[in-house]
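Note: hydrogens, waters and symmetry copies are ignored here, and every other heavy atom, side chains too, is used. Residue numbers start from 1 in every chain, and the chains themselves are labelled A, B, ... in the order their sequence lines are given, proteins ahead of strands.
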There are 2 protein chains.
Amino acid sequence: MQPQSEIRLTPQRQVILEELAKVKTHPTANEVYDMVRKRLPRIGLGTVYRNLELMADNGMILKLEVGGSQKRFDAITNLHYHIRCTCCGKVDDIELTAMPHLDQLASDSSDYQVVGHHIEFSGICATCGEAQEKAITN
Amino acid sequence: MQPQSEIRLTPQRQVILEELAKVKTHPTANEVYDMVRKRLPRIGLGTVYRNLELMADNGMILKLEVGGSQKRFDAITNLHYHIRCTCCGKVDDIELTAMPHLDQLASDSSDYQVVGHHIEFSGICATCGEAQEKAITN
DNA sequence: GATGGGAATGATACACATTCTCAACCATTA
DNA sequence: TAATGGTTGAGAATGTGTATCATTCCCATC
């Protein structure tokens, strides 16, 4: 997971990194595109995808392949876990100490070369929960 | 996660269930479609998607929203974890005792109504590992 | 300062998984 | 039997992500 090679920090990549670091959410590629476009209106969608992928390979950012149909990206790269709202798809960090030893257990009980793991909780976020209650009482 | 309501067991649904129970892998909707089509050649792809989704909502089967671009389905509905090959996308079960108490921890440290969790390991499966070694030695 | 080659970009077309739409169909009940 | 409502199959539509390709940019060298 080390940087495989230095990549050139083009203006586009700089802006993508900055915008990603600016938010505490875990935006999808499209959301990153929208954020970046405010500063670089002529940037192409392909460039955003290409560079998010590139920077994830490089270890500069984290690619979250969580449930749902979209990949999400995170500027915080240390091991931590997430919770996803089954209702609106939002992804938040969850405060739970990392359990890196799980990798060893998995390695022992399978014939895979284990490289990592991810825990994803699912639930209903506060906003969606309230919306549901209102819908019922009405 | 209880069955919300009885659903009618149409021939299509019956066959989908049977075929899904028959395999120990975690097929994608398309793979299920291929398996089912051998017995019901005129079934529509939409029907397969519709019913997999329906049966998952109903708790009859498990929908795995793991990494990768496709949803996968599992006839075994008790809590267990998975490992996904980052190379070929294959998903296997991992022998690891379930940790249902994690849900409580997550619930305590967030404002979500936690409904469950899933642990997904990633790694390189035996087949892909061998293929890689060959590619290097050549 | 010109220039040549590789990397990067933006526009577009494409691929793929999934969902939607809708007419036809079927089981059940009035 | 007729009406009702859920179900199906076919195909169109959507949405996410990838590939292609001409153009542009960067930068070392002349």
Side-chain angles (χ1 to χ4, degrees), chain A residues 3-17 19-20 26-58 60-61 63-73 84 86-91, chain B residues 3-17 19-20 26-58 60-61 63-73 84 86-91:
Chain A
Q4 303 167 320
S5 60
E6 282 309 311
I7 67 169
R8 201 162 73 202
L9 207 56
T10 65
Q12 288 87 344
R13 286 174 189 161
Q14 177 98 45
V15 172
I16 290 173
L17 264 183
E19 291 299 315
L20 193 57
H26 307 78
T28 63
N30 243 301
E31 287 165 353
V32 173
Y33 178 50
D34 285 341
M35 299 185 317
V36 167
R37 216 163 16 154
K38 289 184 187 141
R39 291 173 56 186
L40 300 176
R42 298 193 50 76
I43 196 172
L45 179 59
T47 304
V48 173
Y49 273 101
R50 205 187 301 127
N51 286 328
L52 283 172
E53 200 67 30
L54 191 74
M55 293 191 285
D57 285 350
N58 211 262
M60 303 166 69
I61 63 173
K63 174 168 60 168
L64 300 186
E65 300 209 34
V66 296
S69 51
Q70 296 168 73
K71 291 176 190 164
R72 290 173 177 273
F73 296 87
R84 184 169 58 93
T86 54
C87 183
C88 67
K90 187 175 65 166
V91 173
Chain B
Q4 304 168 321
S5 59
E6 283 308 310
I7 66 169
R8 184 146 49 100
L9 207 57
T10 65
Q12 287 87 343
R13 286 173 191 164
Q14 178 99 44
V15 172
I16 290 173
L17 263 183
E19 291 299 316
L20 192 58
H26 307 78
T28 63
N30 241 301
E31 287 165 353
V32 174
Y33 178 51
D34 284 342
M35 300 185 317
V36 168
R37 217 163 16 153
K38 288 183 187 143
R39 291 173 57 187
L40 299 176
R42 298 194 50 75
I43 196 171
L45 179 59
T47 302
V48 173
Y49 271 100
R50 204 188 299 129
N51 287 328
L52 283 172
E53 199 67 30
L54 192 73
M55 293 191 286
D57 285 350
N58 211 260
M60 302 165 70
I61 62 172
K63 176 169 60 167
L64 300 186
E65 299 207 36
V66 296
S69 52
Q70 294 168 76
K71 292 175 189 165
R72 291 174 176 271
F73 297 88
R84 184 168 58 92
T86 53
C87 183
C88 67
K90 186 174 67 165
V91 174

Whole-Å gap separating P (D/dC26) and CD (A/Gln14): 13 Å
Touch class at under 4.0 angstrom, heavy-atom based, for A/Thr10 against every strand present: sugar-phosphate
Chi angles and distances behind the salt bridge (Lys or Arg N to Asp or Glu O under 4.0 Å) call for A/Glu19, A/Lys38: CA-CA 10 Å; A/Glu19 291 299 315; A/Lys38 289 184 187 141; over 6 Å; no
Residue met sooner reading DNA chain D from 5', once B/Pro41 and B/Arg8 are mapped to nucleotides: B/Arg8
Nucleotide of D/dG9, D/dG17, C/dA17 approaching B/Asn30 most closely (side-chain heavy atoms): C/dA17
Rounded distance (Å) that lies between atom P of D/dG6 and atom CG of B/Asn58: 15 Å
Listed nucleotide nearest any side-chain atom of A/Lys71, set C/dG10, D/dG9, D/dT18: D/dT18
Distance, rounded to the nearest Å, where A/Met55 contributes CE and C/dT9 contributes C1': 14 Å
Proximal nucleotide (of D/dT16, C/dT19, C/dG10) relative to the A/Arg50 side chain: C/dG10
Phosphate contact (D/dT8 OP1 or OP2) by B/Thr47 side-chain N/O below 4.0 Å: no
Candidate nucleotides C/dG10, D/dT8, C/dT18, ranked by approach to the side chain of A/Ile43 - the nearest: C/dG10
Atom-pair distance (CG on A/Asp57; P on D/dT18), nearest Å: 11 Å
Euclidean distance, atom CZ of residue A/Arg42 to atom P of D/dT24 [Å, nearest integer]: 11 Å
Rounded distance (Å) that lies between atom P of C/dC16 and atom CD of A/Gln70: 20 Å
side-chain contact (heavy atoms from CB on, under 4.5 Å) between A/Ile7 and A/Met60, worked out: CA-CA 10 Å; A/Ile7 67 169; A/Met60 303 166 69; 3.8 Å; yes
Rounded distance (Å) that lies between atom P of C/dT18 and atom CG of B/Leu54: 17 Å
Sugar-phosphate, base or nothing in reach of A/Ser69, heavy atoms under 4.0 Å: sugar-phosphate
Given D/dG17, C/dT9, C/dT19, the nucleotide with the shortest approach to the side chain of A/Gln12: C/dT9
Minimum-distance nucleotide to A/Arg13 side chain [options: D/dT8, C/dT19, C/dT9]: C/dT9
Stepwise side-chain contact (heavy atoms from CB on, under 4.5 Å) check, A/Arg13 with A/Leu54: CA-CA 10 Å; A/Arg13 286 174 189 161; A/Leu54 191 74; 3.5 Å; yes
Taking every non-hydrogen atom, the tightest pair across A/Leu40 and A/Pro11: CD1-O, 4.3 Å
Whichever of A/Leu40 and B/Thr28 has its nearest DNA chain C nucleotide further upstream toward 5': A/Leu40
Residue pair B/Thr28, B/Glu31: steps toward the side-chain contact (heavy atoms from CB on, under 4.5 Å) verdict: CA-CA 5 Å; B/Thr28 63; B/Glu31 287 165 353; 3.4 Å; yes
Nearest-Å distance for atom pair CG/P, residues B/Asp34 and C/dA17: 11 Å
Proximal nucleotide (of D/dT18, C/dT19, D/dT8) relative to the B/Tyr49 side chain: C/dT19
